[in-house]
Amino acid sequence: MPVITLPDGSQRSYERAVSVAEVAATIGSGLARAALAGRVDGKLVDTSFVVERDAAVSIVTDRDPEGLEVIRHSTAHLLAQAVKQLFPEAQVTIGPTIEDGFYYDFAYQRAFTPEDLAAIEVRMKELAKADEKVSRRVMARDDAVRLFRDMGENYKAEIIQAIPAGEPISLYGQGDWVDLCRGPHVPSTGKLKAFKLMKLAGAYWRGDSRNEMLQRIYGTAWPDQKQLDAYLHRLEEAEKRDHRKIGRELDLFHMQEEAPGAVFWHPKGWQVFQTLIQYMRDKQTAAGFQEVNGPELMDRSLWEASGHWATFGENMYTTRTPDDRVYAIKPMNCPGHVQIFKQGIKSYHQLPVRYAEFGKVHRYEPSGALHGLMRVRAFTQDDAHIFVTEEQITSEAVASTRLILDIYKDFGFEDVGIKFSDRPTKRVGADEVWDKAERALRDASGAAGIEYSLNRGEGAFYGPKLEFVLRDAIGRDWQCGTLQVDLNMPGRLGAHYIDDHSARRTPVMLHRAIFGSLERFYGILLEHHAGRLPAWLAPVQVVVMGITDRQHPYVLETADFLKNQGVLVQIDLRNEKVGFKIRDHTLQRVPYLLVAGDKEVAANLISVRSRSGKDLGAMTPQTFTERLRAEIESHGRRTLED
RNA sequence: GCCGGCAUAGCUCAGUGGUAGAGCAGCGGUUUUGUAAACCGUUGGUCGGGAGUUCAAAUCUCUCUGCCGGCACCA
């Protein structure tokens, strides 16, 4: 005689044990139809789950996040069912849900083609339309292993084998198809109304590159067609802000096959790059950093001493010179900075020593990893190394953390996540040293009052790190900044300072980057702003144009004035209608367009239009410049449009 | 690096074995223009590189390179 408590607190009692579906039906027929799963005392279950004693029950529908999960998970099963019907030889493996959808990995003797994908989707729609009942049953582990092995599903059998023997295994079936699954699943395939297969890809079995490659089919699923369409539209919008496309359209940079993973910066693109560097230079100088510059090429012996040769060697470019020496092109700036630190004798009075470099590094990345500006082989780091005493670690780490978060705000990134990466398998230094370094970084995090998630085994080979992760305008995460405590490399490279007892001590080195890779940060900015860089970053801040060629002298004069005030300005004297010029420069995402006709010339004014199409009225060039300067100094927090 | 796809004019893209195309951009001209595309004319490509099949290859095959989407790796 279960008494069931619903989410609104109301209670219903039943004569006998009831299923979740029956509970839904007694509440209302609409809810019964919408029920995808249930939550019984907090546990997610199928609608067929039978409640035998008093419990808190809620009905999960497609309006609940869990409901959407269930839809996606069940759609993954539907995909596998369709694949097995069309390609009986294919073996199933795993099919989890992911953000916005799901995937399923299959082992099959030949590659699936885009045509196969279309056929699979058609079959999925047929199966959904047939509205087959989804049933759940439980069996002992070894029976399940035997069942799947008999079906020729060796991967699945391997997965189940890994489950502890005592645990019962739940199987889900629909029509002729059965799969191992924890569930829950929709009660019948007819609940799956809006899905689409997205792409084919390779994926290693168990995510290990030493294993064979399976074929992964990605799909997306939503409660209804409208939400599916909205999702597909979002993808199209995201494609429009692809930095590679924007870079070409705005003539910022290009890449070509003779220099894979390296960037050719065009004049406008380099202007932005320089703005980023200058901004960071000013911030760092104010924070007590000194800019240095180390050599690109250093002898192999130095990289052996630093530990790079052994632990990072396969990512390094090397060159053999006519005198038969082997040099490596620097993949990191730290060894160079240690050399600078080592010159002369450093006293503890001088610490912390803060060296910063806009250092261009080269790393031989796997060809498949390259991706526009986001993943390149030649990139510039805003790399700093702070040499401190052990006592200074905390205060310096706290100061760096503050600086990092402060700088991200200027770029409009308020949502910053922090990860703590501890010792990796491939590392240098004794475990006691790592214990100490990890403790120091944890203490510093505590002192800075930041929260982080743990990223096990992802530290650098020389020390643990904090990683700062930005979330961009379309919700993607990008790891940019880093702060690392290094108790290894200074000693390996023979750095020391003299302490207050005239003794030689090895300094601790903090590695710190804020942009991380300037190239990548630039790409993130382009996508974050969809190319509409705020005026303080824009390569061309203003275009001045006339209506006819009568205004040309005034246009030139105005542009000169702006230029002398430090504004990045271009003129447009082309023989075109003003509408054409407005369109052209708007597409180029120029923040402000200044138009001069006879009226403006007569009154010494300029008409101002923003790239968003807003008419900001006529003002003197002087007023415009002052307002633009205020916008630039605020890093776009206050604009002319406000 | 691995799996799959793709590579045609500056850009976006047609062209599936029989003389390489369109729109935009560029160039020349006309037009002197008031806030997202005036009009007319016109230049431009060893179809990513190499090899092969064929009377004939942008098109079929092999191979190399690069790019794209994933995986693995990672800033």
Side-chain angles (χ1 to χ4, degrees), chain A residues 98 103 105 108 110-114 116-117 198-218 239 242 244-245 248-249 251 254-261 312 314-315 331-332 361 363-383 421 458 460 465 467-470 478-482 513-521 523-524 545-552 574-588 593-600 607-616 618:
Chain A
I98 51 173
Y103 67 77
D105 287 349
Y108 191 48
R110 72 162 173 84
F112 291 130
T113 65
D116 293 337
L117 208 61
M198 302 300 288
K199 54 199 171 197
L200 284 161
Y204 297 108
W205 167 235
R206 292 185 180 280
D208 189 328
S209 61
R210 286 166 302 192
N211 289 342
E212 66 271 32
M213 185 155 274
L214 306 171
Q215 294 190 67
R216 176 169 297 178
I217 298 177
Y218 282 93
E239 213 169 294
D242 188 313
R244 294 164 298 196
K245 186 173 148 72
R248 187 167 52 240
E249 286 169 354
D251 193 19
H254 84 274
M255 300 171 98
Q256 64 187 49
E257 64 178 271
E258 290 83 352
F312 204 73
E314 56 198 33
N315 289 298
M332 295 188 195
V361 296
R363 297 181 186 173
Y364 182 78
E365 298 290 344
S367 58
L370 303 181
H371 180 95
L373 297 178
M374 303 304 196
R375 192 75 185 273
V376 289
R377 284 176 174 163
F379 61 102
T380 313
Q381 290 180 312
D382 59 323
D383 204 2
S421 298
E458 296 295 324
K465 51 185 183 179
E467 294 169 315
F468 295 79
V469 182
L470 302 181
W478 297 100
Q479 189 190 312
C480 292
T482 181
I514 301 181
F515 291 143
S517 148
L518 268 111
E519 281 77 359
R520 165 193 262 211
F521 193 81
I524 295 166
M545 66 193 83
I547 304 285
T548 72
D549 46 16
R550 282 194 303 281
Q551 296 90 33
H552 283 187
R574 288 178 300 175
N575 176 16
E576 297 288 355
K577 292 176 116 166
V578 69
F580 180 89
K581 295 184 191 179
I582 293 282
R583 174 184 156 81
D584 204 20
H585 298 115
T586 301
L587 290 174
Q588 285 292 310
L593 305 181
L594 307 189
V595 180
D598 289 337
K599 284 180 286 186
E600 286 81 359
S607 286
V608 182
R609 180 192 160 104
S610 73
R611 67 185 152 198
S612 61
K614 201 164 167 191
D615 179 2
L616 302 177

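The chains referred to below are lettered A, B, ... by the order of the sequence lines, with proteins before strands, and numbering in each begins at 1. Keep in mind that the numbers below use all heavy atoms, side chains included, and drop hydrogens, waters and symmetry copies.
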Base, sugar-phosphate, or nothing: which does [X] touch, judged by heavy atoms less than 4.0 Å apart?
X        : answer
A:Val361 : nothing
A:Gly207 : sugar-phosphate
A:Gly202 : base
A:His585 : nothing
A:Phe112 : nothing
A:Leu593 : nothing
A:Lys599 : base
A:Asp584 : nothing
A:Gly597 : base
A:Val595 : base
A:Ala201 : base
A:Ala111 : sugar-phosphate

Candidate nucleotides [options], ranked by approach to the side chain of [X] - the nearest:
X        : options             : result
A:Arg520 : B:A75, B:C71, B:C73 : B:A75
A:Ser607 : B:G1, B:C67, B:G34  : B:G34
A:Met213 : B:U65, B:C3, B:A38  : B:C3
A:Leu370 : B:U12, B:C67, B:C74 : B:C67
A:Glu467 : B:U35, B:A75, B:U12 : B:A75
A:Arg550 : B:U32, B:A75, B:G34 : B:U32
A:Pro260 : B:C67, B:C74, B:U35 : B:C67

What interatomic distance, in whole Å, is found between [atom1] of [M] and the corresponding atom of [N]?
N     : M     : atom1 : result
B:U59 : B:A9  : P     : 15 Å
B:U12 : B:U19 : C1'   : 26 Å
B:G44 : B:G28 : C1'   : 15 Å
B:C64 : B:C27 : C1'   : 38 Å
B:G50 : B:G66 : C1'   : 15 Å
B:C24 : B:G41 : P     : 12 Å
B:G45 : B:G34 : C1'   : 41 Å
B:C71 : B:U16 : C1'   : 32 Å

**OP:** Identify the heavy atoms of A:Ile524 and A:Met374 that sit nearest to each other, and give their distance.
**Re:**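 In terms of heavy atoms, the two residues are closest at N-CE, 3.6 Å.
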
**OP:** Taking all heavy atoms of A:Glu576 and all of A:Lys581, pick out the closest pair and write down the distance.
**Re:**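 So the minimum-distance heavy-atom pair works out to O-CE, 3.5 Å.
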
Scan every strand shown for a Watson-Crick or G-U wobble partner of [N], both distances under 3.5 Å, and answer none if you come up empty.
N     : value
B:A9  : none
B:C47 : none
B:C71 : B:G1

With a 4.0 Å limit, can you tell me whether [X] has a side-chain N or O closer than that to the phosphate oxygens OP1/OP2 of [N]?
X        : N     : result
A:His254 : B:G10 : no
A:Arg206 : B:A72 : no
A:Arg216 : B:G69 : no
A:Arg244 : B:G69 : yes
A:Arg609 : B:A36 : yes
A:Ser209 : B:C71 : no
A:Lys577 : B:A36 : no
A:Tyr204 : B:G1  : no

Original post:
Between A:Leu373 and A:Tyr364, which has a closest nucleotide on RNA chain B that is more 5'?
Top reply: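 Taking each residue's closest nucleotide, the earlier one in sequence belongs to A:Tyr364.
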
**OP:** Return the 5'-most residue of the pair A:Pro114, A:Ile547 with respect to RNA chain B, ranking by each residue's nearest nucleotide.
**Re:**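 Residue closer to the 5' terminus by nearest nucleotide: A:Pro114.
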
Hey, are [Y] and [X] close enough side-chain-wise for a donor-acceptor pair under 3.5 Å?
X        : Y        : answer
A:Arg216 : A:Tyr218 : yes
A:Ser421 : A:Glu467 : yes
A:Ser607 : A:Glu600 : yes

**OP:** Determine yes or no for a side-chain-to-main-chain donor-acceptor pair under 3.5 angstrom, with A:Gln551 supplying the side chain and A:Met545 the backbone.
**Re:**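 Side chain of A:Gln551 to backbone of A:Met545: no pair is present.
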
**OP:** Could you check if a side-chain atom of A:Arg574 sits within less than 4.5 angstrom of a side-chain atom of A:Asp584, using non-hydrogen atoms only?
**Re:**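 They are in contact (side-chain heavy atoms under 4.5 Å apart), so the answer is yes.
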
Separation of [X] atom [atom1] from [N] atom [atom2], in whole Å?
X        : N     : atom1 : atom2 : value
A:Arg583 : B:A25 : CZ    : C1'   : 12 Å
A:Arg375 : B:C74 : CZ    : P     : 8 Å
A:Glu576 : B:C27 : CD    : P     : 10 Å
A:Lys465 : B:A75 : NZ    : C1'   : 8 Å
A:Leu587 : B:U35 : CG    : P     : 17 Å
A:Asp208 : B:C3  : CG    : P     : 16 Å
A:Lys199 : B:G69 : NZ    : P     : 8 Å
A:Ile582 : B:A38 : CD1   : P     : 12 Å

Taking N and O atoms by type only, does the side chain of [X] place a donor or acceptor under 3.5 Å from a partner on the base of [N]?
X        : N     : result
A:Asp549 : B:U32 : yes
A:Glu365 : B:A75 : yes
A:Glu600 : B:G34 : yes

Subject >> Ring-on-base stacking B:A75 with A:Phe379 (under 5.5 Å, under 30°) >> reply: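 A stacking contact exists, since A:Phe379 sits close and nearly parallel to the base ring of B:A75.
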
Original post:
Counting heavy atoms not belonging to A:Glu239, are there more than 12 under 6.0 Å from its CD?
Top reply: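 No, not enclosed.
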
Subject >> Pair A:Asp116 + A:Arg110: basic N to acidic O under 4.0 Å >> reply: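 Salt bridge flag = yes for A:Arg110 with A:Asp116.
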
**OP:** Can you spot which of A:Met332, A:Glu314, A:Arg377 makes a side-chain contact (heavy atoms from CB on, under 4.5 Å) with A:Arg363?
**Re:**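 Of A:Met332, A:Glu314, A:Arg377, side-chain contact (heavy atoms from CB on, under 4.5 Å) with A:Arg363 is met by A:Met332 alone.
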
